[in-house]
Amino acid sequence: MSGASPMALALTLSAFWRASARARRLRTRDQLLKWQSARLERFLRNTAPKVAAFSGIASHRLTDYPVMDKDALMSGFHRYNVPGITADAGWQALETSHRIGHYSVGASTGTSGNRGLYLVSDAERYLWLGTLLAKALPDMLSARYRVALMLPRSSRLYDAANESGRLALKFFDLADGLDIQLPAVANFRPNVIVAPPHALLALARADLALAPQHVFSGAEVLDPADRGEIEARFGLGVREIYMATEGLFGAACTHGRLHLCEDCVAFEWEPSGDLSAPLVTDFTRRTQMMVRYRMNDLLKLSEEPCACGSPLQAVTAVAGRQDDTFQLKGEGSQAVRITPDVIRNAVVSASRLIKDFRVVQSGPDAVSLILPPQLAAELPAAERALQDLFARHGARPQINAGTAPLLPPQGGKLRRVIRSPGIAP
């Protein structure tokens, strides 16, 4: 493809081949973990100490490093990247070129009200792209793909696709509104669509001439009802991509099962009921270090291996966000915690007609339930389902139930279960 960068193509293909080779070579769990352990120790010994935050930790053991989170990263951003670039400089770059010297700067959408920065080199951008392609589109070398990428915010990471010359990728900014972007996507004639579930639903419901070969969901929780409707419209399975500002963490195999990218990232797990919250260490990074970084996500890990034969940990569901776990007032001073997936399941199980809703905890003892106006008749059943759920957990909050139009998010992420910031029981 004319205009492709030879360096971008070479680095992308190199990363693609390496990721493909790992998938062929590491066929058992023991092989994978032994290989990962060696790479992780090398990273901790030689790479992580290059940033100020970890310069005084002379250890190859992961548990000798402190747990970090977004607040720690953003309050001392310069301490976690090799060139020592400050957060102020990063925010300024976002307003102009998204570049600082040889580095690209990006940011999260700030769904939780706290945006995060990231910093990557060009080599890391192509490594990310090649690894993702090996996992998502393993036939890339023999096929030509036109990829429609619908997200609330663009990134220099996505520019790497067009720079490589292996893909024709067009970004559709959801901040401009779905009504504008839907016909634009159809006019692009993509054979691959990557979008959040709410955008995929809009595409599925629109009268558009779309016939993709692959559909990928990312950036939001993919609810089973949404998955069914999207798959019925396009006649193929929806595959999930699990990535965030902090990196690429998972991609679904051709069997449709989400697998963690344990060939790039080491995962530790903090239990949260039946779910697990990850601490991630990306041992492929060379610019901004993410060591034992506490993610905001809640995952349900599969106890069964996938039929595809991959030794990478399979994930049953990305169930929601930790900061959307309800914290309700229980008996006495006991706090009651209920994760988003449990709340979501209670509402949709109340009636097969309920596909969209909002449940918002607005106070320690206050919850709102909202259904679309056409489902007013289902409101009592949904309210009873929530009352029963909360009572089983020892909480009896005041539920304010009503109907209102439920519009898709404009430039943000769809969250159906939400805990308002700052609530403590």
Side-chain angles (χ1 to χ4, degrees), residues 36 40 43-44 48 53-54 62-63 65-77 80-81 106-120 124 128 131-132 135 151-153 155 157 196 217-222 240-252 258-285 288-302 312-327 337 339-341 412-415 417-419 421:
Q36 183 198 75
L40 180 61
F43 168 81
L44 294 176
F54 304 132
L62 192 55
T63 52
Y65 285 75
V67 173
M68 59 182 289
D69 57 19
K70 184 182 289 185
D71 288 341
L73 175 63
M74 294 313 301
S75 64
F77 187 75
Y80 291 94
N81 66 78
S108 63
T109 57
T111 307
S112 61
N114 182 14
R115 294 179 68 194
L117 282 172
Y118 65 80
L119 190 70
V120 294
E124 287 170 315
W128 168 86
T131 302
L132 177 58
K135 294 175 181 295
L151 287 174
R153 183 176 295 276
S155 165
L157 288 175
S217 168
E220 294 172 358
V221 172
L222 178 60
E240 290 184 82
I241 296 175
Y242 175 32
M243 64 179 295
T245 308
E246 296 81 10
L248 173 64
F249 299 126
L258 181 64
H259 291 269
L260 297 177
C261 295
E262 294 174 300
D263 55 339
C264 305
V265 179
F267 292 83
E268 301 171 85
W269 300 100
E270 296 180 327
S272 180
D274 294 334
L275 305 176
S276 300
L279 301 177
V280 298
T281 300
D282 188 333
F283 50 85
T284 68
R285 283 180 178 256
Q288 177 182 308
M289 303 305 155
M290 308 293 284
V291 178
R292 307 196 77 198
Y293 185 95
R294 177 177 283 118
M295 295 291 292
N296 190 30
D297 302 317
L298 292 170
L299 279 63
K300 187 172 182 59
L301 303 178
S302 174
L312 300 173
Q313 173 67 54
V315 176
T316 301
V318 180
R321 303 155 53 95
Q322 288 196 78
D323 56 13
D324 281 330
T325 296
F326 280 20
Q327 298 184 26
R337 291 172 52 86
T339 55
D341 59 315
K413 297 180 181 180
L414 173 61
R415 296 158 66 197
V417 178
I418 304 168
R419 178 166 62 91

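The figures here come from the full heavy-atom set of this structure, side chains too, leaving out hydrogens, waters and symmetry mates. FYI, the numbering just counts along the sequence from 1.
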Quiz item: Tell me, do Asp297 and Tyr242 make a side-chain contact under 4.5 Å, heavy atoms counted?
Solution: yes
Quiz prompt | Non-neighbouring partners of Ala317 that pass side chain to side chain contact (heavy atoms under 4.5 Å, CB included), sequence neighbours left out | solution = none
Practice problem: Kindly write out the residues that satisfy salt bridge (Lys or Arg N to Asp or Glu O under 4.0 Å) with Asp282, not counting sequence neighbours, or none if the list is empty. | Solution: Arg285
Quiz item: Does Arg415 come within less than 4.0 Å of Asp324, counting only side-chain N to carboxylate O?
Solution: yes
Practice problem: State, to 0.1 Å, how close Ser272 and Arg337 come at their nearest heavy-atom pair, and which atoms those are. | Solution: OG-NH2, 3.7 Å
Practice problem: Mind checking the CD-CD spacing from Glu220 to Glu240? Nearest 0.5 Å is all I need. | Solution: 11.5 Å
Quiz item: How close do Ala72 and Ser75 get, heavy atom to heavy atom, and via which atoms?
Solution: O-OG, 3.1 Å
Quiz item: More than 12 non-hydrogen atoms from neighbouring residues, nucleotides or ligands closer than 6.0 Å to CG on Asp274, yes or no?
Solution: no
Quiz item: Side chains of Thr131 and Cys261: closer than 4.5 Å at any heavy-atom pair?
Solution: no
Quiz item: What distance do Leu299 atom CG and Phe249 atom CZ have between them, rounded to the nearest 0.5 Å?
Solution: 10.5 Å
Quiz item: Looking only at heavy atoms, which two atoms of Glu124 and Thr284 are closest? And how far apart?
Solution: OE2-O, 4.4 Å
Quiz item: Who are the salt bridge (Lys or Arg N to Asp or Glu O under 4.0 Å) partners of Glu262, not counting sequence neighbours?
Solution: Arg29
Quiz prompt | Minimum-distance pair of heavy atoms, taken over all atoms of Tyr118 and Ala107 | solution = CE2-N, 3.7 Å
Practice problem: Flag the pair Glu268 / Leu62 as yes when at least one side-chain heavy-atom distance between them is below 4.5 Å, and no otherwise. | Solution: yes
Quiz item: Any side-chain heavy-atom pair from Met68 and Met289 closer than 4.5 angstrom?
Solution: no
Quiz item: What is the minimum heavy-atom distance between Leu298 and Pro340, and which atoms define it?
Solution: CD1-CD, 4.0 Å
Self-check item: Side chain proximity check, Thr316 to Leu301, heavy atoms < 4.5 angstrom
Solution: no
Quiz item: Val120 versus Trp128: any side-chain heavy-atom pair under 4.5 Å?
Solution: no
Quiz item: Considering only heavy atoms from C-beta outward, does the side chain of Leu248 approach that of Cys264 to under 4.5 Å?
Solution: no
Quiz item: Would you say Lys135 and Leu312 make side-chain contact, with heavy atoms under 4.5 Å?
Solution: yes
Practice problem: Please name the pair of heavy atoms, one in Phe43 and one in Thr281, separated by the smallest distance, quoted to 0.1 Å. | Solution: CE2-CG2, 4.0 Å
